[in-house]
**Q** 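Next up is a structure, given as structure tokens.
Counting starts at 1 for both ligands and their atoms, in listed order.
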Amino acid sequence: MVALAAGPKKPEALLAYGARIIGDDARTRVVIDFDRQPSFSVHYIANPERIVVDLPATAFGFHAKDLAARGLFKDIRYGTMDEGSARIVLSAVKPVKLATAKVQADEDGRGYRLVLDAEMTGKEEFAALVKAQSWSDPADRPQSGPIPAPQAAQPGDFIIAVDAGHGGIDTGAIGVDTKTEEKQVTLAFAKALADRLNREHGIKAFLTRSEDEFLSLAERVQIARQNHAGLFISLHADTLKQKDIRGATVYTISDRASDKLAADLAERENLSDQIAGKETAAEPPEVADILLDLTRRETQAFSISLAESVLGSFKDQISTINNPHRHAGFQVLRAPDVPSILLELGFLSNAEDEKLLLDEKWRVKIAELLTDAVKRYRSSVVANGG
Ligand code: ZN
């Protein structure tokens, strides 16, 4: 067993050390205590109605229950967006507006308070608020910093994008026993898998994220494509209402879900951008492009072949759920030209799975089996002139 501790806190980050929320579904006040004066900006997003508060890098040190949603808010998330920024996303039960949004110095001069007074408003007023603001979402940054390119890839290397699901403000699922956050489990597995793959000659693996930061689903796909990845493997460890279900599942993309469990899971995974206070991207219009269609179909076949190779490796080694290869409309698997799978390593809703997910030996075993699967997949592709 290992502790999946968060990385060291950057010294320059603000500390939000306290929080309170009071009020009812007409007026709700949120107060957050900071060690230093925070700069902040507020924005409104529709569909669904949300208030987004952007902050500089901030460590959130208060207890989650101190800012549990109530009154006008049904969900409150906060966390890192990237190295230099953090965000609070307040999802409202009905149209809201902020009557007050200000930073005050504490009377005792020890710190600062961010005070947000929300009150209910009309649908049209809310729409006017959304329209009046000129806002380009800082989270839609054009790839900030260098793209995490694979180390010293040689021409002919087989490049693999290893994607740690969730991150930053999007914690993903929370474990039943240890309250482990999915985003930490996925990052630990992603690192182990990339390290193991990189020990293979001719394979270069890289991580879409190597820190606890938020990446939109589209960014994950884009990073894989920009790095000319030949494979994309997204790692997850979600929760289910049915706590007795355990074991691994491999997902590939399809317009129609294979079953209800897969459909529900894809729907929840696709909420990631919404949780992080991003506007819901309009579905790109389907372009009738025969070449793209052919590429998609070919990619789909490769994705299925990888999924089968992974399940072949897991056989008699790793427990899987019934019908372990399923499919649904996961946004993160949408690259038309990069064979992609989403691997649910196990479920944080199951106590036994949770134990395994925190076990370093099990992690190493999975990395080993996945590496075998990738090698077998690769040789079959090469054999077929892919
Ligand atoms: Zn997940």
**Q** Report yes or no: does D238 have an N/O/S atom closer than 2.8 Å to the Zn ion (ligand 1)?
**A** yes

**Q** At the Zn ion (ligand 1), what angle lies between atom ND1 of H236 and atom NE2 of H166, rounded to 10 degrees?
**A**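 Value, to the nearest 10 degrees: 100°.
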
**Q** Taking the six-membered ring of Y251, is the NZ or CZ of R326 close enough (under 6.0 Å from the centre) and on axis enough (within 45°)?
**A**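 Geometry flag: not set, cation outside 6.0 Å or 45°.
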
**Q** May I ask you to check whether D372 and S313 show a side-chain donor-acceptor distance below 3.5 Å?
**A** no

**Q** Quick check for you: with the Zn ion (ligand 1) as the vertex, what angle do OE2 of E269 and OE2 of E182 span, to 10°?
**A** 150°

**Q** I want to know whether Y112 and F34 have ring centres closer than 6.0 Å.
**A** no

**Q** Looking only at atom types and distance, does a side-chain atom of R220 sit under 3.5 Å from a main-chain N or O of L215, one as donor and one as acceptor?
**A**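 Looks like yes, one N/O pair under 3.5 Å.
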
